[in-house]
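Encoded as structure tokens, the structure appears first; notes follow it.
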There are 2 protein chains.
Amino acid sequence: MGSSRPGTQSLQSRTYRALRRSILDGDFVPGRAVTIRGIAEDLGISPTSVREALRRLVAERALILSATGRVSVPVMTREKLAELVNARICLERQAAIDAVPGITDRVVSRLVRLNRAIDRAIEAGDHRRYLVTHRDFHFTLYRVGGGEVFLPLIESVWLQISPFLRYTLSGEHRSRYSTSDRHVEIIEALERRDATALGFAVEADIRHGIGALIESDWNRPDDAAAGPNTAGIRTADRESG
Amino acid sequence: MGSSRPGTQSLQSRTYRALRRSILDGDFVPGRAVTIRGIAEDLGISPTSVREALRRLVAERALILSATGRVSVPVMTREKLAELVNARICLERQAAIDAVPGITDRVVSRLVRLNRAIDRAIEAGDHRRYLVTHRDFHFTLYRVGGGEVFLPLIESVWLQISPFLRYTLSGEHRSRYSTSDRHVEIIEALERRDATALGFAVEADIRHGIGALIESDWNRPDDAAAGPNTAGIRTADRESG
DNA sequence: AGCAATTATTTGTGATCACAAATTCCTGTC
DNA sequence: GACAGGAATTTGTGATCACAAATAATTGCT
């Protein structure tokens with residue numbers, strides 16, 4: 001079909017993954033307009049696949065569709081952020097608890113390793129690396145409990161938070177972040193296979209990690225009104241991490 | 001754009017809504033293959049819009065995309081159903097609790113009215129009417145708490161359960177269903193504005209309503225292998241209910 | 001200069017088409 | 001009759017195009 005060699009995924013799917021990754025990595029500025037043709041040109045492909053990729057991201061609430069059919073990166077509101085935090089707590093606590101029966105020492109040691117990588121990224125001030133490793137830590141845990149149901153739901157919530165998270169890691173916010181402390185609690189609960197403690201640790205991690213921003217001056221002067229996209233969508237095509 | 005008069009929604013969006021409604025109403029049999037061209041012919045439109053509508057439903061996990069690009073109605077497994085029930089409990093308990101501050105007597109009386117409509121539908125043996133009113137009852141409650149975050153997540157879970165629910169209302173299963181009893185508990189908790197009791201009532205409603213099926217002989221001989229779609233997709237285009 | 005009206009451009013929409021992969025149907029063989 | 005092999009059909013994919021709505025740019029007027 002089309003022009004794909006066997007083994008190669010569809011162009012639309014690769015486009016989707018590239019865009020999603022860019023969103024998760026914080027390359028999409030809230031408020032910016034995203035045009036089909038703009039991305040199609042950046043990627044050197046026809047608008048067809050881009051349209052489908054964008055619509056998929058709209059369906060996952062990573063992007064929003066205006067009444068006139070225009071796609072853009074959603075702007076965060078306090079109410080929405082509070083709801084997203086609630087959703088994260090609901091879903092991720094349950095996903096973590098569901099993971100407990102499947103936890104092995106191997107998984108725990110991997111989480112310990114990822115946690116060290118997170119600390120290194122924070123110390124080095126490497127935003128992107130922090131986001132990647134932090135994401136990897138959480139999803140490594142949630143993946144243990146199986147979950148063709150919970151994971152997509154959680155991913156949708158992360159996609160909605162990610163464009164906003166960009167702010168948390170740039171500038172003065174970074175110093176307030178001691179996320180890894182809570183990760184240690186998570187790891188300790190896992191070592192004891194203590195589901196209840198794990199649930200509280202996950203909730204605390206989320207609440208302290210993001211919830212703190214609700215009351216802070218996060219609504220900084222927008223670089224949102226900036227021009228059209230070209231946000232450096234990296235086409236690198238690896239399985240989601 | 002295209003050929004739509006102003007005020008009319010896009011064809012793709014109407015197609016999506018029609019398909020989603022059919023899924024929620026139980027017209028889609030698990031395992032059945034859904035083809036782009038098939039639906040396009042049924043609806044008398046070009047494949048383009050249908051493809052986008054289908055992909056959106058795939059993104060929402062209402063349908064699944066095989067490795068070869070084929071779209072079909074997912075087949076339920078015990079594990080997945082257990083996960084879906086867990087997800088419903090997580091999300092809907094929270095959504096209900098979030099609704100409590102916004103509950104008015106007017107909402108409560110509407111729920112009472114809907115609950116009576118559900119009972120009537122059960123007595124009359126009207127499956128479709130039962131599904132519609134039952135859905136209306138739950139989402140009327142969840143909508144009170146605002147929620148541009150929780151509602152889409154809950155809708156995704158409902159879409160995943162719906163094709164399976166078709167079984168619960170046909171044949172011998174119906175007699176076991178006394179869903180409305182739990183709805184009364186929900187209403188009583190709402191009248192007292194008792195968030196904690198409400199949470200338990202919602203959980204009980206979900207667990208008893210669907211959870212009972214996990215242990216029952218729900219995996220009846222499939223009419224799944226039946227021919228291509230043409231499942232009577234009703235094109236009626238009203239705002240989602 | 002400030003603002004409204006008009007023109008030009010951009011952008012989403014949906015149809016059509018060519019192509020190749022996947023599926024189905026038919027046939028021939030054992 | 002069951003099954004493998006091959007032709008015919010179906011199906012998804014992605015590009016291209018015409019069109020109209022929406023946005024941006026320009027012009028003209030006060």
Earlier contact from the 5' end, DNA chain D, for Val71(B) and Ile45(A): Val71(B)
Does a side-chain heavy-atom distance below 4.5 Å link Arg88(A) with His138(A)? yes
Gln12(B) has an atom CD; how far is it from atom C1' of dA21(D), in whole Å? 17 Å
Pair Ser13(A)-Arg17(A), side-chain donor/acceptor within less than 3.5 Å: yes
Arg70(B) (side chain) and dG12(D) (base): donor-acceptor pair under 3.5 Å: no
Side-chain N,O (Thr68(A)) to OP1/OP2 (dT23(D)) below 4.0 Å: yes
Does any non-hydrogen side-chain atom of Val157(B) lie less than 4.5 Å from one of Leu153(A)? yes
Classify the ring geometry between Tyr142(A) and Phe139(A) as parallel (under 30°), tilted (30 to 60°) or perpendicular (over 60°). perpendicular
Looking across every strand, which nucleic acid part, if any, lies under 4.0 Å from Thr48(B) by heavy atom: base, sugar-phosphate, or nothing? base
Atom-to-atom span, CD1 of Ile64(A) to P of dG12(C) - whole angstrom: 14 Å
Taking dG12(C), dG14(C), dA15(D) as options, the one with an atom nearest any side-chain atom of Ser10(B) is dG14(C)
Given atom CD1 of Ile36(B) and atom C1' of dA21(C), what is their separation to the nearest angstrom? 14 Å
If you look only at distance, which donor and acceptor atoms sit under 3.5 Å apart when one is on a side chain in residues 55-65 of chain B and the other is two or more places apart or in another chain?
unit_1: Arg55(B); atom_1: NH1; unit_2: Glu52(A); atom_2: OE1; d: 3.4
unit_1: Glu60(B); atom_1: OE1; unit_2: Tyr16(B); atom_2: OH; d: 2.8
unit_1: Glu60(B); atom_1: OE2; unit_2: Tyr16(B); atom_2: OH; d: 3.0

In whole angstrom, give the distance that lies between atom CG of Leu11(B) and atom C1' of dG12(C). 13 Å
For DNA chain C, the residues among residues 50-60 of chain A that have a non-hydrogen atom under 4.0 Å from it: Arg51(A), Arg55(A)
Can you figure out which of dG14(C), dA18(D), dG14(D) approaches the side chain of Arg37(A) most closely? dA18(D)
Would you call Asp136(B) and Arg129(B) a salt bridge, taking side-chain N to carboxylate O under 4.0 Å as the test? no
Between P on dA15(C) and CG on Leu43(B), what's the gap in Å once rounded to a whole number? 11 Å
Please round to the nearest 0.5 Å and tell me the distance separating atom CD1 of Ile161(A) and atom CE of Met76(A). 6.0 Å
Rounded distance in Å - CZ (Arg14(B)) to C1' (dG14(C)): 12 Å
Atom CG of Leu65(B) to atom C1' of dA22(C): distance rounded to whole Å? 14 Å
Nearest-Å distance for atom pair CZ/C1', residues Arg32(B) and dT23(C): 18 Å
